[in-house]
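What follows is a short report on a single structure.
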Amino acid sequence: MKRGVNDIVETVLVGVVAVLLGAGGGYVARKRTAEAQIGSAEDEAKRIVAEAQAQGESKKKEALIEAKEEIHRQRQELDKDTRDRRQEISRQERRVVQKEENLDRKLDSIERKEEQLAKKEARISRTQAAVDEMHEQQKAELERIGGLTSEEARTLLMEEAEAELKHEKAIKIKEYEQQTKDEADKKAREILSIAIQRCAADHVAETTVSVVALPNDEMKGRIIGREGRNIRTLETLTGIDLIIDDTPEAVLLSGFDPVRREIARIALEKLIQDGRIHPARIEEMVEKAKREVDARIKEAGEQATFDTGVHGLHPELVRLLGRMRYRTSYGQNVLNHSVEVAHLAGMMAAELGCDVTLAKRAGLLHDIGKAIDHEVEGSHVQIGADLARKYRESKDVINAIESHHGDVEPTCVESVLVAAADAVSSARPGARRESLESYLKRLKSLEAIAESFEGVERCFAIQAGREIRVMVRPDKVDDAEATALAHNIVKKIEDELEYPGQIKATVIRETRVVDYAK
């Protein structure tokens with residue numbers, strides 16, 4: 001029984017020992033495995049740290065290299081800029097030195113000239129003193145010999161001569177004056193009558209209205225546009241008043257400036273022919289019309305020189321002659337008047353045996369100042385003379401321009417002939433209309449008053465002078481200032497102009513933004 005128990009105890013003990021040994025062996029194995037994993041993780045961590053340190057060193061080196069390169073580049077740019085500035089300073093110093101040397105040379109030259117002038121003045125003074133002394137000696141000797149002073153001798157001789165010749169001189173002068181006057185009047189009448197007969201030009205009264213024919217009355221609505229935008233655009237761009245009334249198939253263009261009226265007429269005819277009428281198209285057609293009018297101006301100037309046989313004019317003078325096609329004086333077309341004066345002066349010069357070419361040239365250019373008299377200060381006579389000098393016309397042509405209204409004395413026969421031809425052309429029946437000219441002057445004065453204010457871009461007198469339409473620059477005049485500007489314009493018109501009825505001042509301020517899709 002005891003032996004059986006002992007065997008059981010031994011068996012249990014062996015089992016326990018086996019279990020303990022198994023547990024201890026597992027623990028040791030797990031510990032070794034854990035230690036191996038920890039060692040591997042530490043190695044990996046060291047490797048990562050080493051790689052990070054290596055990358056950091058590499059990036060640090062790269063940053064240092066880039067910084068050094070940037071410093072080197074900036075240093076090179078600074079050196080180049082410094083060299084350029086030094087070179088520029090050197091050039092400026094050389095120029096300054098050269099200028100100082102030139103000034104020194106000029107000062108030396110001036111000093112030498114002053115010394116020479118002083119010597120000459122001294123010699124002249126000594127010579128003049130010697131001459132005065134000799135004159136006094138001769139005068140005293142003559143008075144001693146004659147027993148009379150110089151004043152007494154002169155008075156005596158004059159009294160005797162006057163007593164002998166007074167009566168005879170008066171008779172001869174009267175005879176010669178009458179004879180010369182009779183012959184001159186007769187010859188002048190013959191020359192003027194021949195010249196006028198040979199130059200029988202027609203006169204057409206200049207008006208302030210143009211008529212544009214329409215293909216049908218439906219076109220009137222298209223010209224007016226939605227809410228009147230088309231007609232407003234055309235009136236704003238040209239400064240011409242469009243009158244669309246019950247007149248069948250016609251539109252009236254009213255304006256005192258013939259150039260503006262012609263531009264508006266051409267633009268409107270092109271729009272009617274094209275059929276596309278809207279603000280953008282209107283602007284395009286107005287620009288085309290302006291170019292066409294410029295071409296017509298040049299053509300009119302060339303035609304005038306061809307008709308009169310005047311050649312060799314400066315191209316700018318030819319262009320100014322063409323502008324006079326759209327300029328009137330008392331209702332008379334200035335270009336037609338100038339051509340007529342050239343023909344009349346040439347014919348009278350031919351009858352008198354004078355220079356026909358010079359007379360025609362001076363006659364054609366005598367009113368050239370009227371082409372720009374609304375742009376330049378001064379009378380058209382002075383402006384024309386200045387233009388002739390600028391473009392190297394002869395002194396006789398310049399004198400004819402200056403003397404055709406009696407501002408200066410004529411220095412040649414051709415100048416007198418130009419003045420006579422101008423008077424004949426102006427005085428012919430139907431040539432001029434005084435009331436129209438005064439009306440046009442009032443409209444120009446109206447526009448000039450509005451243009452005198454700051455911020456005004458352009459302005460137009462419309463409605464026969466009953467309205468002044470003023471376009472202002474939106475960047476210089478705001479809405480409040482536009483209101484004040486209208487009041488100031490009206491006030492100045494009331495103070496400086498005389499006019500019937502009332503004048504409406506309309507100030508237009510428009511902001512337009514344009515961009516393009518590309």
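The figures that follow rest on heavy atoms only: side chains count, while hydrogens, waters and symmetry mates do not.
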Are the side chains of [X] and [Y] in touch, meaning some heavy atoms are under 4.5 Å apart?
X    : Y    : answer
M324 : I368 : yes
V470 : I508 : no
R325 : R296 : yes
T506 : I468 : no
E467 : F460 : no
R229 : E227 : no

### Interatomic spacing from CD in E283 to CG in L234 - rounded to 0.5 Å
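E283 CD to L234 CG: 11.0 Å, rounded to 0.5 Å.
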
Please tell me whether [X] and [Y] have a donor and an acceptor in their side chains that are separated by less than 3.5 angstrom.
X    : Y    : answer
D307 : Q303 : yes
E88  : Q92  : yes
Q382 : D386 : yes

### Message
Would you say the ring centers of H380 and H404 fall short of 6.0 Å from each other?
### Response
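Here the rings of H404 and H380 have centres that are less than 6.0 Å from each other.
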
#### Entry: Check: H337 ring centroid to H366 ring centroid under 6.0 Å
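H337 vs H366: aromatic centres under 6.0 Å.
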
### Task
Kindly say whether Q98 contributes a backbone atom to a donor-acceptor pair with the side chain of N102 at under 3.5 angstrom?
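Checking the backbone N and O of Q98 against the side chain of N102, a donor-acceptor pair under 3.5 Å is found.
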
### Donor-acceptor under 3.5 Å (S109 side chain, R105 main chain)
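No, S109 side chain to R105 backbone: no donor-acceptor pair under 3.5 Å.
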
### Query
So, K370 and D367, do they make that salt bridge, N to O below 4.0 Å?
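A salt bridge is present here (some side-chain N lies under 4.0 Å from a carboxylate O).
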
### Message
If you apply the rule side chain to side chain donor-acceptor pair (under 3.5 Å), what do you find for N399 with T411, and how did you get there?
### Response
CA-CA 7 Å; N399 178 256; T411 58; 3.1 Å; yes

